[in-house]
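In what follows, a structure is listed as structure tokens, so that the remarks can point back to it.
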Amino acid sequence: MTYVQIKHHLSDALLMAYSAGNLPEAFSLTVAAHISMCDECRARLGAFDAMGGAIIERCGTAEMNAGSLEATMQRIRATGPVKTAAPARKCNLPQPLQDYIGGDLDAVKWRSAGMGVKQAILPTSREATARLLFIPAGAAVPDHGHRGTELTLVLQGAFVDEVDHFGPGDIEIANEDLNHTPVADIGADCICLAATDAPLRFRGLIPRLAQPFLRI
Amino acid sequence: MTSTKDRKQKENEDWVACIARIRESQDEAAFARLFGHFAPRVKAFLMRSGADATLAEECAQEVMAVLWQKAHLFDPSRASAATWIFTIARNRKIDALRKQKRPEPEDLPWGNEPEPDQADVLALQQESNQLGEAIAALPDKQRVLIEKAYFSDLSHSEIADQTGLPLGTIKSRIRLALDRLRHAMK
Ligand SMILES: [Zn+2]
């Protein structure tokens, strides 16, 4: 399921860090979900992986232990043939996300984040947080700033903020300079995947109180 | 007399043929050749990423075993052998060194093309070769930072701490390097 009308793509820096394997898990998940929806970024990732291949060719060698090849052949014989994964079923969400949810959208365990907004935190390593956000049609996520980087990937519906309009597959890359108030389009509820490497800073009093409890 | 370029190109095609022989006839001699070339590189890569020699040896063996087991998934019209092995080694690095999962993009829908087109394979192997040359031709200052980004487990800001360069300088050098590579690949 890819979207040709995607306007907002991954940056070179994110693609390179994902290719090199240096992103926190929550960011990798968001990048992998965008690439699942975007042929253009999939092709760009191919180029960054090719850089990794070219560099491994020229990064020098470290001598393998004596008997290493035979030990590897024994590993291979001990494991036997690997199963190939079945092709993905038709679903609403990209496969990498489903792996973290343990199912499709109907399996998400939503919790209220106030004002009709719901969220579900996904299990990733602690350096960064990934969460699904449900924003009812026409509703706003409280105005917030970030201490670090926030990636927001639209899965369904659309939102608009001070920067632009973001539709399915679009990714917004926000840094600490941006205070924004995403508002869901009036036509449909908006579901996003958001990854942050530092807790969000809400400007209103109530969201600030709620923040430590809700981990948003 | 053959140039380095022709030799590298021939080498790329050779590795592709070796992986095909593993897939088709479990050819251990073909595997031994791949192992001799790539296993020491994978081990060096893992050691530069922070693994000690024992862990790097074990992981390099695992990476090469995965190559055998997944030989049927290798598509030479999409990646060179080095690129494919890099992605396996990188995933092993994330798993063994960072103790994290690596979310992968959804597989493309499966087509009915059992054999990739030979012209596509040739073109891709040539481009991989060209990219290697373009990286080798980068100014040292830029190439070192690109290599650090891939072959150490460091974010840009950690590279800044390590090299003493301001973060902005690192970002702009990497950007310049990518511009040069794009230009070279036109
Ligand atoms: Zn994209």
Side-chain angles (χ1 to χ4, degrees), chain A residues 1 12-13 16-17 19-25 28-37 39 41-42 45-65 68-69 71-73 75-76 79-82 84-85 87-88 94-97 99-100 124-125 127, chain B residues 28 32 35 39-45 47-48 53 56-57 60-62 64-65 68-70 72-73 78-80 82-87 89-91 93-94 98 100-107 109-110 127-128 131-132 135-136 146-147 149-151 153-156 171 174-175 178 181:
Chain A
M1 182 175 55
D12 281 341
M16 189 166 162
S19 173
N22 291 341
L23 285 179
E25 189 177 343
S28 286
L29 175 60
T30 312
V31 168
H34 176 83
I35 291 170
S36 301
M37 302 168 87
D39 291 338
C41 288
R42 187 186 289 272
L45 175 66
F48 281 103
D49 285 348
M51 278 177 61
I55 295 172
I56 210 169
E57 275 283 6
R58 41 169 294 131
C59 78
T61 58
E63 200 181 340
M64 296 296 284
N65 295 353
S68 188
L69 174 60
T72 306
M73 286 313 302
R75 276 177 199 274
I76 291 165
T79 317
V82 290
T84 315
Q95 187 64 45
L97 252 182
D99 295 343
Y100 278 77
T124 63
S125 70
E127 315 157 69
Chain B
E28 294 191 16
F35 191 94
R41 286 175 167 75
V42 170
K43 186 172 178 180
F45 161 62
M47 288 177 72
R48 280 179 69 169
E57 167 78 26
Q61 289 187 19
E62 283 166 1
M64 297 310 290
W68 176 289
Q69 284 150 351
K70 296 196 172 173
H72 60 289
L73 297 177
R78 300 169 63 100
S80 70
T83 297
W84 188 52
I85 291 166
F86 160 72
T87 62
R90 170 205 58 206
N91 292 358
K93 173 183 97 169
I94 296 171
R98 303 190 65 197
Q100 292 189 6
K101 280 193 283 182
R102 157 92 182 175
E104 291 285 344
E106 195 164 307
D107 286 334
W110 291 6
E127 279 175 17
S128 305
L131 181 62
I135 289 172
I146 295 260
E147 288 177 352
Y150 275 86
F151 293 106
D153 191 14
L154 299 178
S155 65
H156 286 178
K171 286 183 176 168
I174 287 179
R175 208 163 27 236
L178 294 179
L181 295 179

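In what follows, chains are A, B, ... by sequence order, proteins preceding strands, each numbered from 1.
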Looking at [options], which makes the most heavy-atom pairs under 4.5 Å with chain B?
options	result
A:D99, A:L23, A:D39	A:L23
A:D49, A:L97, A:L29, A:I35	A:D49
A:M16, A:E57, A:E63, A:H34	A:E57
A:S125, A:A62, A:A47, A:S28	A:A62
A:A54, A:G60, A:S68	A:S68

In the structure I gave you, are the side-chain heavy atoms of [X] and [Y] within less than 4.5 Å of one another anywhere?
X	Y	result
B:V42	B:K93	no
B:M64	A:R75	no
B:E62	A:T79	no

- prompt: Highest number of heavy-atom pairs under 4.5 Å with chain A: which of B:P40, B:A44, B:A39?
  reply: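 Sorted descending by pairs with chain A, the first entry is B:P40.
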- request: Heavy atoms only, distances under 4.5 angstrom: which of B:E57, B:E147, B:K43 has the most pairs with chain A? Name it, please.
  value: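 Most heavy-atom pairs within the cutoff with chain A belong to B:E57.
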field: Nearest non-hydrogen partners of B:R90 and B:F45, listed with the distance
entry: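 In this case the closest contact between B:R90 and B:F45 is N-CE2, 3.9 Å.
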- request: Could you pull out the closest heavy-atom pair between A:A20 and B:F86, with the gap in Å?
  value: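 Where A:A20 meets B:F86 most closely, the heavy atoms are CA-CZ, 4.4 Å.
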Against chain B, label [X] side chain, backbone, both or neither, depending on which of its atoms sit under 4.5 Å from a heavy atom there.
X	result
A:M73	side chain
A:A17	neither
A:F48	both
A:T124	neither

Can you say whether [X] sits under 4.5 Å from chain A via the side chain, the backbone, both, or neither, judging by heavy atoms?
X	result
B:E28	side chain
B:A53	neither
B:A79	neither
B:I85	neither
B:R41	both

- request: Apply salt bridge (charged side-chain N to carboxylate O under 4.0 Å, His left out) to A:E25 and B:R98, showing your working.
  value: CA-CA 10 Å; A:E25 189 177 343; B:R98 303 190 65 197; over 6 Å; no
task: Any chance you could measure A:R58, atom CZ, to B:I135, atom CD1, to the nearest 0.5 Å?
output: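 So the gap between those two atoms works out to 7.5 Å.
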- prompt: CZ/B:F35 to CE/A:M64 distance, rounded to the nearest 0.5 angstrom?
  reply: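 Between atom CZ of B:F35 and atom CE of A:M64 there are 4.0 Å.
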- prompt: What residues, two or more places apart in sequence or in another chain, satisfy side-chain hydrogen bond (donor to acceptor under 3.5 Å, both in side chains) together with B:T83?
  reply: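 In terms of side-chain hydrogen bond (donor to acceptor under 3.5 Å, both in side chains), with neighbours along the sequence ignored, B:T83 is linked to B:S80.
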task: Check the surroundings of atom CZ in A:R42: do more than 12 heavy atoms from other residues, nucleotides or ligands lie under 6.0 Å from it?
output: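 Atom CZ in A:R42 is crowded, with more than 12 foreign heavy atoms closer than 6.0 Å.
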